[in-house]
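To start, the structure under review is shown below, and the notes come after it.
As a basis for the values below, the full set of heavy atoms in this structure was taken, side chains included, without hydrogen atoms, waters or symmetry mates.
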Amino acid sequence: ALQGNSYAALNLGMCYDGGSGVEKDAKKSFEWVHASAEMGDAHGQYVLGLFYARGSGVEPCLTKSAEWYQRAALQGHKDAQYNLGILYEFDLLPVAAYQGDDVSSSSEEEGKGIQEEEVQNEGTHQDLPPTEEGESKLDENLVAVTTGPSNSS
């Protein structure tokens with residue numbers, strides 16, 4: 001992982017996530033999965049999307065979740081394509097995503113996608129954890145994190 005191997009970084013992140021061979025540490029897990037995703041690993045990008053969706057080692061952010069799902073989806077990762085579709089189906093993305101903006105091109109400063117006041121004024125779009133009803137639907141439909149490489153990429 002320290003030598004820049006994206007698969008090793010993802011596996012190390014998953015070890016920290018589950019406490020397999022190391023002490024469980026959500027922040028270290030997030031950091032290693034993020035490193036894998038930044039190296040372009042489609043499955044790492046998908047897992048990072050899950051981490052953002054669930055708030056694993058990071059503040060929950062559905063916009064960032066969608067960004068990472070989109071990156072993985074563009075590489076043909078079927079689970080990422082599915083989860084991105086779920087975010088659209090349940091209307092969980094901010095307005096910018098519906099206006100044709102490329103959610104993968106936003107910077108860290110623009111992580112929320114649009115201004116919070118615009119989200120509040122819109123009423124149906126949010127970049128916060130979903131409501132209890134939306135959360136249960138989201139949890140039922142998001143594909144679970146796996147520790148091995150995806151067969152779909």
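Distance CG/Asn5 to CG/Asp41: 9.0 Å, rounded to 0.5 Å. If you take CD on Glu89 and OH on Tyr82, they are separated by 7.5 Å, rounding to the nearest 0.5 Å. Here the OH atom belonging to Tyr7 is positioned 8.5 Å from the NE2 atom belonging to His43, to the nearest 0.5 angstrom. Distance check: Asn11 CG to Asp17 CG gives 12.0 Å after rounding to the nearest 0.5 Å. Interatomic distance, CG of Leu84 versus CG of Asp79, reported as 12.5 Å (0.5 Å rounding). The distance from the CE atom of Met14 to the OG atom of Ser36 is 10.5 Å, given to the nearest 0.5 Å.
In terms of heavy atoms, Asn83 sits closest to Leu50 at ND2-CD2, 3.5 Å. Contact record, Leu12 with Ala1: CD2-CB, 4.1 Å, taken as the closest heavy-atom pair. Here the closest non-hydrogen pair linking Ala9 and Met39 is CB-CE, 3.9 Å.
There is a path of hydrophobic side-chain contacts, each under 4.5 Å, that joins Tyr69 to Val58. Val22 and Leu2 fall within the same hydrophobic cluster, where Ile, Leu, Val, Met, Phe, Trp and Tyr residues are linked whenever their side-chain heavy atoms come under 4.5 Å apart, directly or through other members. Hydrophobic clustering (side-chain heavy atoms under 4.5 Å, transitive across Ile, Leu, Val, Met, Phe, Trp, Tyr) groups Val47 together with Leu62.
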Checklist line | Step-by-step side chain to side chain contact (heavy atoms under 4.5 Å, CB included) determination, Phe51 to Ser65 | finding: CA-CA 8 Å; Phe51 278 24; Ser65 177; over 6 Å; no
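In this structure, a donor-acceptor pair under 3.5 Å is present between the side chains of Gln45 and Gln75.
Contact annotation: the side chain of Thr63 never approaches that of Leu93 to less than 4.5 Å [non-hydrogen atoms, C-beta and beyond]. Proximity of Lys64 to Leu48: side-chain heavy atoms (C-beta onward) are nowhere separated by under 4.5 Å. Using a 4.5 Å heavy-atom threshold, the side chains of Cys15 and Trp32 count as separate.
Between Trp68 and His77, the ring center distance fails the sub-6.0 Å criterion.
Relative ring orientation between Phe30 and Tyr52 is described as perpendicular, the plane-to-plane angle rising above 60° on a 0-90° scale split at 30° and 60°.
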